[in-house]
Each structure stands twice: as structure tokens, then as C-alpha cells.
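FYI, the numbering just counts along the sequence from 1.
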Amino acid sequence: MELDFPFIWAAIIAFAVLAYVVLDGFDLGVGILFPFFPEKHDRDVMMNSVAPVWDGNETWLVLGGGGLLAVFPLAYATILPALYAPLIAMLLALIFRGVAFEYRWRTKRAEWLWNWAFAGGSTVAAFTQGVALGALVQGIPVANRAYSGGWWDWLTPFSIMTGFALLIGYALLGATWLVMRTTGELAERARWFSLVTAFGTVAAMGIVSLWTPFLKPEYLDRWFLYPGALFTVIVPLLVGAGLYGIVTGLQHKKDTRPFLCALGLFVLAYIGIGISFYPYIVPTSVTIWDAAAPDESLKFLLVGAAVLVPAILIYTSYAYWVFRGKIDPEEGYH
């Protein structure tokens, strides 16, 4: 049986993007919550909780973006011109945020500056990722295998809504991460933020989910005709179960459960996006097969991916295993 290499690579890139969202999402969420914890000691602990793993989480973003360029060059050449502004803003925000991890610990006089670089970089990166996602979902016009829209097509009420939705969702991941990793008053405050952002995330998911099917006729058919309609019925029940798990976990101080349930909400949302998109990689203009590089290139690159992806999974898992458990407030990573 002939292997469908474009489909295999689409699955690999989809996995890389999901891995980035669920892993980098919580450390971006910690930065989003940073201004709400004014005490220096709390901020030190918050940064220490993600310092050992944050840069490894970024690997999945590189893999997703690099893979898109190598494997689906037409999609890369179409999506980037449509989303230059939010993507450049995201990359600049991630740079400032990354520098803040190192420089905040090396100065007292300018510590406030790096606090804002960390918080601002996290917030801008999360918001622009959501805006880019919303712009992609609402569709990118393509003519003659090139982007045919304007400079500001990405900026719409829907993309602004998805930007805020992802901002709230990442804050939920960050808050539940702090509940799982910290103790004392910091953990108790994080528990409150987890509860607030959990309801905010579910509300935002509801708004975006109700809005999305009416953006394109293809989405409407996908969600309300068989077999997609089955997922439409099941998703609200699963989201409700996730919210219940977060709330009960917070109430009964099962500190790992809220974080896992929050991740579950993101996985559900991601599956929903995948159902809306498939088989398009540039909705609703370019399919996976239209955008793919020649099969010979895909086969060659797949050999590298077969080595690279397991290696990333192994060292990522090892890092989380080594730095598992509650953070000792008196110890620092730096």
C-alpha cells in the first residue's frame, strides 16, 4: 500500500503545534499572571517553576514552523504574507521574554524592566498567537498559488476574539501549573485565578465555537452534518467534564487534576479546529496535497523526523521528570 506522505507530515506538524500549545502555553500563562503577583518572592518562585523547561518547550514551535517551510512550501509562502504583522510581533515578544529569563536575575536596579519584558512578552505572544489562529480559521484568500488579500485582513472582530480567548486559556494553564508546582499563599492565589480563568476559558470556547461555523459554508456543513455532528454533540459534554474536573480538583486540593483537565480543554479545542480545517492546510483554499513538496523530499525528511521527534520527546520527558514535584521556595534554578 502506498504511503500518503503529505498526510503523514500533516499529522507530524499538527502534533508539533499541539505540543507547543500545551507545553509553552503554561509558561506563557505564568508570564501573563506575573503582574497579579506583586511580591518579589512570589515572582521568583513563579519564574523558577518554568525556568528549567521553557526553552525546551520552544523547540516544538521551531519544528512546526520549520516543518511547514520544508514540507508544505506553498502553505508557508501563503500563510506568512497573510500574517506577517501578528507573527513578527509574536517573535519579538518571545525574544524579549527569553532575554528576561536571564537578565532579571542579574540586576536589581533594572529588575522592574525585565519583569515587564517577561509579562509583556508573554501577553503579547499569547494574544498574537490567538489572532493568527483566528485569521487562519476565517480563511486566507489565494489566487494563482499566492496570497491575494490585503495587509490588514488578519485584523477582524473574530481574530481579536480568538486572541483574547487564547490569552485567557493560557492564563488558565499558567494558574493550574502554579497550583500543581507551588505551595503556601502563592498556590492559594493561583487556585483563585484557576477558578476564574477556567470559567472564562469555557465561555470563550463557547463564543468561538458558536461563531466559527458561520464563517465559512464548509465549516457549517462539517459541524452540523453527519459524522461531524456527532462531535458537535459530544464536545460540550467533554468540556463540561473538564470544567468539573478543574473545579473539584481545586476544591479538594487534588493539585495535579486541574492542570491535566485544563490541558484536556486545549486538546478538545485543537481537535475541533482540525475537524474544521481538514483536508485544508490553508482554509479553505489549499489542501494538504496541493501544498506538499514532492514525495521524494517528504520521504527524505521523514527519515530525519523519525530520529528528531523521538529525541525531542525523550529529553523533554526527562527534563519534566527531573524537575517534578513542588518548588522549594528557598531554592532557585538560577
[Y]/[X] salt bridge by N-O under 4.0 Å criterion:
| X | Y | value |
| --- | --- | --- |
| E188 | K253 | yes |
| R104 | D44 | yes |
| D290 | R145 | no |
| R106 | E111 | no |
| R191 | D255 | yes |

Hey, are the side chains of [X] and [Y] touching, using non-hydrogen atoms and a 4.5 Å cut-off?
| X | Y | answer |
| --- | --- | --- |
| N57 | V53 | yes |
| L68 | I281 | yes |
| V137 | T162 | no |
| V179 | F259 | no |
| L61 | L94 | yes |
| L178 | S49 | yes |
| W60 | V17 | no |
| L83 | P86 | yes |

Check: If you measure only the distance, is there a donor-acceptor pair under 3.5 Å linking the side chains of S159 and Q138?
Finding: no
Next item on the list: Using only heavy-atom distances, determine whether the side chains of Y20 and T59 contain a donor-acceptor pair under 3.5 Å.
Entry: no
Notebook entry, point to check: Are F26 and Y170 close enough that their ring centers fall under 6.0 Å?
Noted result: no
Checklist line | Ring centres under 6.0 angstrom apart (W54, F101) | finding: yes
Next item on the list: Quick one: do L301 and W9 satisfy side chain to side chain contact (heavy atoms under 4.5 Å, CB included)? Show the steps, please.
Entry: CA-CA 9 Å; L301 292 168; W9 265 108; 3.6 Å; yes
Next item on the list: On the 0 to 90° scale, with breaks at 30° and 60°, tag the F158-W211 ring pair as parallel, tilted or perpendicular.
Entry: perpendicular
Item checked: Plane angle bin for F7 and Y278 - parallel if under 30°, tilted between 30 and 60°, otherwise perpendicular -> perpendicular
Note to self: Would you say that more than 12 heavy atoms from the other residues, nucleotides or ligands in this model lie under 6.0 Å from the OH of Y320, or not?
What the structure shows: yes
Kindly give the heavy-atom pair with the smallest separation between [X] and [Y], and that separation in Å.
| X | Y | answer |
| --- | --- | --- |
| A82 | W154 | O-CD1, 3.7 Å |
| Q129 | L28 | NE2-CD1, 3.9 Å |
| A135 | I140 | O-CG1, 4.2 Å |
| G242 | L265 | CA-CD2, 4.2 Å |
| I13 | G64 | CG2-O, 4.1 Å |
| T176 | S194 | N-OG, 3.4 Å |

Distance check, rounded to the nearest 0.5 Å: [X] atom [atom1] versus [Y] atom [atom2]?
| X | Y | atom1 | atom2 | value |
| --- | --- | --- | --- | --- |
| I288 | L74 | CD1 | CG | 13.0 Å |
| L263 | L268 | CG | CG | 11.0 Å |
| F127 | M90 | CZ | CE | 14.0 Å |
| Y244 | C261 | OH | SG | 11.0 Å |
| D24 | R97 | CG | CZ | 5.5 Å |
| F72 | W289 | CZ | CH2 | 9.0 Å |

Check: Regarding R189 and the six-membered ring of F37, is the cationic atom NZ or CZ under 6.0 Å from the ring centre and inside 45° of its axis?
Finding: yes
Item checked: Charged tip of R324 within 45° of W321 ring normal and under 6.0 Å -> yes
Side-chain donor/acceptor of [X] to backbone N/O of [Y], under 3.5 Å:
| X | Y | value |
| --- | --- | --- |
| T123 | I32 | no |
| Y270 | F15 | no |
| T197 | G200 | no |

Check: Can you list every pair that meets salt bridge (charged side-chain N to carboxylate O under 4.0 Å, His left out) and has a residue in residues 8-17, with sequence neighbours left out?
Finding: none
